[in-house]
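This report concerns only the one structure given below.
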Amino acid sequence: MRLFDTLTRTERNLEPIDGTTFRFYCCGPTVYGPAHIGNFRTFVLQDVLRRTLETGGTRTLHVRNITDVDDKTIRDSQKAGQSLQSFTAGWTEKFHADCEKLGLLLPHIEPGAVDHIPQQIAMIGTLVEKGHAYPSDDGSVYFKISSFPGYGRLSHLDERELDLGKTQNARSSSDEYEKDSLSDFVLWKGRKPEDGDSFWPSPWGEGRPGWHLECSAMIQEYLGDSFDLHSGGVDLVFPHHENEIAQSECACGGRFAAHWFHITHLLVDGGKMSKSLGNLYTLEDLAARGHTAMEVRYVLIGAHYRKPLNFTLDSLSGAREALAKLAKGARQLASKCEPDTRLTSADFGPFQAAWDSLNHDLNTPGALGGIFTGLRDSASLSGHEAAAALAGFNRLLRALGLTLPEGTVQATSEIPDSVKSLADARWAARLAKNWAESDILRGQLVEQGWLVKDGKDGYTLESASAP
RNA sequence: GGCGGAGUAGCCAAAUGGUAAGGCAAUGGUUUGCAAAACCGUCAUGCGAGGGUUCGAUUCCCUCCUCCGCCUCCA
């Protein structure tokens, strides 16, 4: 497949360096609270990338870290009166539960920073030895940006702009750090009282690792000096990924990531999502409004990953209808299939255009459009063709990570007895052509949040709104 | 200020130098006791504004307007 690369700003083919397995790294969550849908836009698109590669026959090795030690995790664990370890474990568990609901494949490896302190210390040691890093008086260690000429390549900063950053900083916090250059960033943070128990011994004194270094160290541990692709939200381009390149290329001498994949931020109601505006949604918030995680996933893949996506509650309702339409289309297609046809076809039939979209810079909205068009064009297929088409349809849904609702009808067991008896009474009234009675009972059902739909041989009930 | 991105119907959102996918909503019809559901249709002479290049531009170039992100630890 072809994918845009942030570093070269060109579309390039994704081919595993080692010829067998596509090895990639994603910056994972900082586990100090529930992830929001903006975080999940990134994780969902990374998931679609992996699924698309795998559907296309490429083996993958997916590594995504858990940031379980930083300012926020330390601060909030203390506030919660918990140890850092149990605090982050709780939020990690919550994150995994959300991921499962969203249909995200678990990474093959999910390392945590706290479990890789020795690797991080070793990498800092290498950087100090090679003259790319230096300790300061407060027990911290800094990366020396001037020792790495390639700095700024990813985010397209030149020296002049870095100098600008320097002077800005010099004004605001010149006495805060003892750095040679104000652009230098921290690799190891010397122990401070507010860190509580969260410190580890090192050759430079007690302290804890810096955030940027965490990813570099774990990448080297699990993917080596060079690997296929690195990914994260656009906000990580600078400084996080820029710093990773500097650390890793200086420490390992390798070429680091061959490809950079960045996902643009989500907007809510046309603006930035923030707690103070009350538009920062978690999966739980949306579930409380009656929306499933799969509906959220549908909305998140509804825009191209390099364009801003405007998230609205209305779009979630639209997603529910769209998913139901897909489910219906799949049922109709399945009913046309020759029962004994063996599904060996490797092509996508009427869904070829959708698959092509996905392979052309991960165009998920284009693929969704292609699926609906393919469904429409499947109407006149023969039994054999329908079977092949259905196979293509299913592969496409797997690549997008969508699972379809079974149907809109609630299982009988979920319908309260009182509702059931009302509906039965209404059905009896209808059979007796007692329309007035029937309409009154229908009104009562609506009041209780249930829609009734009449069929030839009976009715079906559907929950009208949020559970 | 620097760097980067975006402006397409009521909403969400693609593709494309040759006349605008798809979804939601809306709406007409068939059906239904009436609705809902289902089924069959309709729904941008237009792609932020103004110039330019071209036989032809939403698509390329220029100017302008608006919005958004990053600029030291936020996906």
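Reckoned from all heavy atoms, side chains included, excluding hydrogens, waters and symmetry mates. Reminder, nothing fancy here: chain letters follow the sequence lines and each chain counts from 1.
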Can you tell me, in whole Å, how much space there is between the [atom1] of [N] and that of [M]?
{"N": "B/A13", "M": "B/G17", "atom1": "C1'", "answer": "23 Å"}
{"N": "B/U59", "M": "B/G50", "atom1": "P", "answer": "12 Å"}
{"N": "B/A44", "M": "B/G10", "atom1": "C1'", "answer": "12 Å"}
{"N": "B/C39", "M": "B/A6", "atom1": "C1'", "answer": "40 Å"}
{"N": "B/C64", "M": "B/G28", "atom1": "C1'", "answer": "43 Å"}
{"N": "B/U66", "M": "B/C61", "atom1": "P", "answer": "22 Å"}
{"N": "B/A9", "M": "B/U58", "atom1": "C1'", "answer": "14 Å"}
{"N": "B/G23", "M": "B/A38", "atom1": "P", "answer": "14 Å"}

* So which pairs with a foot in residues 26-38 of chain A pass side chain to side chain donor-acceptor pair (under 3.5 Å), sequence neighbours left out? ->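 Sorted result for residues 26-38 of chain A: A/His36-A/Asn39.
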
Between [options], which nucleotide has the shortest distance from any of its atoms to the side chain of [X]?
{"X": "A/Phe238", "options": "B/C71, B/C39, B/A75", "result": "B/C71"}
{"X": "A/His212", "options": "B/A14, B/C73, B/C70", "result": "B/C73"}
{"X": "A/Asn310", "options": "B/U72, B/A13, B/C73", "result": "B/A13"}
{"X": "A/Arg9", "options": "B/C73, B/G7, B/C3", "result": "B/C3"}

Can you tell me the Watson-Crick or wobble partner of [N], both distances under 3.5 angstrom?
{"N": "B/C60", "value": "B/G52"}
{"N": "B/G17", "value": "none"}
{"N": "B/A35", "value": "none"}
{"N": "B/C70", "value": "B/G2"}
{"N": "B/A26", "value": "B/U42"}

Tell me: [atom1] of [X] to [atom2] of [N], nearest whole Å?
{"X": "A/Leu362", "N": "B/A15", "atom1": "CG", "atom2": "P", "value": "12 Å"}
{"X": "A/Leu368", "N": "B/A15", "atom1": "CG", "atom2": "C1'", "value": "14 Å"}
{"X": "A/Leu323", "N": "B/G22", "atom1": "CG", "atom2": "P", "value": "18 Å"}
{"X": "A/Leu309", "N": "B/C11", "atom1": "CG", "atom2": "C1'", "value": "13 Å"}
{"X": "A/Phe311", "N": "B/A75", "atom1": "CZ", "atom2": "P", "value": "18 Å"}
{"X": "A/Phe4", "N": "B/G5", "atom1": "CZ", "atom2": "C1'", "value": "10 Å"}
{"X": "A/His262", "N": "B/C74", "atom1": "NE2", "atom2": "P", "value": "15 Å"}
{"X": "A/Tyr142", "N": "B/C73", "atom1": "OH", "atom2": "P", "value": "12 Å"}

Look for any protein N or O under 3.5 Å of an N or O in nucleotides 66-68 of chain B and output each such pair with its distance, or none.
none

Mind checking [X] for me? I need base, sugar-phosphate or nothing, with any heavy atom below 4.0 Å counting as a touch.
{"X": "A/Thr373", "value": "sugar-phosphate"}
{"X": "A/His304", "value": "sugar-phosphate"}
{"X": "A/Leu266", "value": "base"}
{"X": "A/Ile263", "value": "nothing"}
{"X": "A/His265", "value": "base"}
{"X": "A/Glu242", "value": "nothing"}
{"X": "A/Gly38", "value": "base"}

For the [atom1] atom on [X], are there more than 12 heavy atoms of other groups (residues, nucleotides or ligands in this structure) within a distance under 6.0 Å?
{"X": "A/Glu93", "atom1": "CD", "value": "no"}
{"X": "A/Glu194", "atom1": "CD", "value": "yes"}
{"X": "A/Glu11", "atom1": "CD", "value": "yes"}

Would you please indicate yes or no on a ring centroid separation below 6.0 angstrom for [Y] and [X]?
{"X": "A/His241", "Y": "A/His230", "result": "yes"}
{"X": "A/Phe95", "Y": "A/Phe43", "result": "yes"}
{"X": "A/Tyr305", "Y": "A/Phe4", "result": "no"}

* **Ring-face cation of A/Arg191 near A/Phe199 (centre distance under 6.0 Å, axis angle within 45°)** =>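 Judged by the rule, A/Arg191 and A/Phe199 form a cation-pi pair.
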
May I ask you to evaluate whether [X] reaches the phosphate of [N], defined as a side-chain N or O under 4.0 Å from OP1 or OP2?
{"X": "A/Arg376", "N": "B/G22", "answer": "yes"}
{"X": "A/Lys328", "N": "B/A37", "answer": "no"}
{"X": "A/Gln247", "N": "B/C73", "answer": "no"}

* Test salt bridge (Lys or Arg N to Asp or Glu O under 4.0 Å) applied to A/Asp361 and A/Arg306, A/Lys307, A/Arg2, the passing residue ->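 For A/Asp361, the salt bridge (Lys or Arg N to Asp or Glu O under 4.0 Å) test succeeds with only one of A/Arg306, A/Lys307, A/Arg2, which is A/Arg306.
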
Sidechain-backbone polar pair: [X] side chain, [Y] backbone, donor-acceptor under 3.5 Å:
{"X": "A/Glu295", "Y": "A/Thr292", "value": "yes"}
{"X": "A/Ser216", "Y": "A/Gln247", "value": "no"}
{"X": "A/His132", "Y": "A/Val128", "value": "no"}

* To do: Assign a letter to each nucleotide of nucleotides 23-36 of chain B from its 5' end: B, base within under 4.0 Å of a protein heavy atom; S, sugar-phosphate only; -, no contact.
  => SSS-------BBBB

* Salt bridge flag under 4.0 Å for residues A/Asp195 and A/Lys192 ->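 Not counted as a salt bridge, because no side-chain N and carboxylate O are separated by less than 4.0 Å.
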
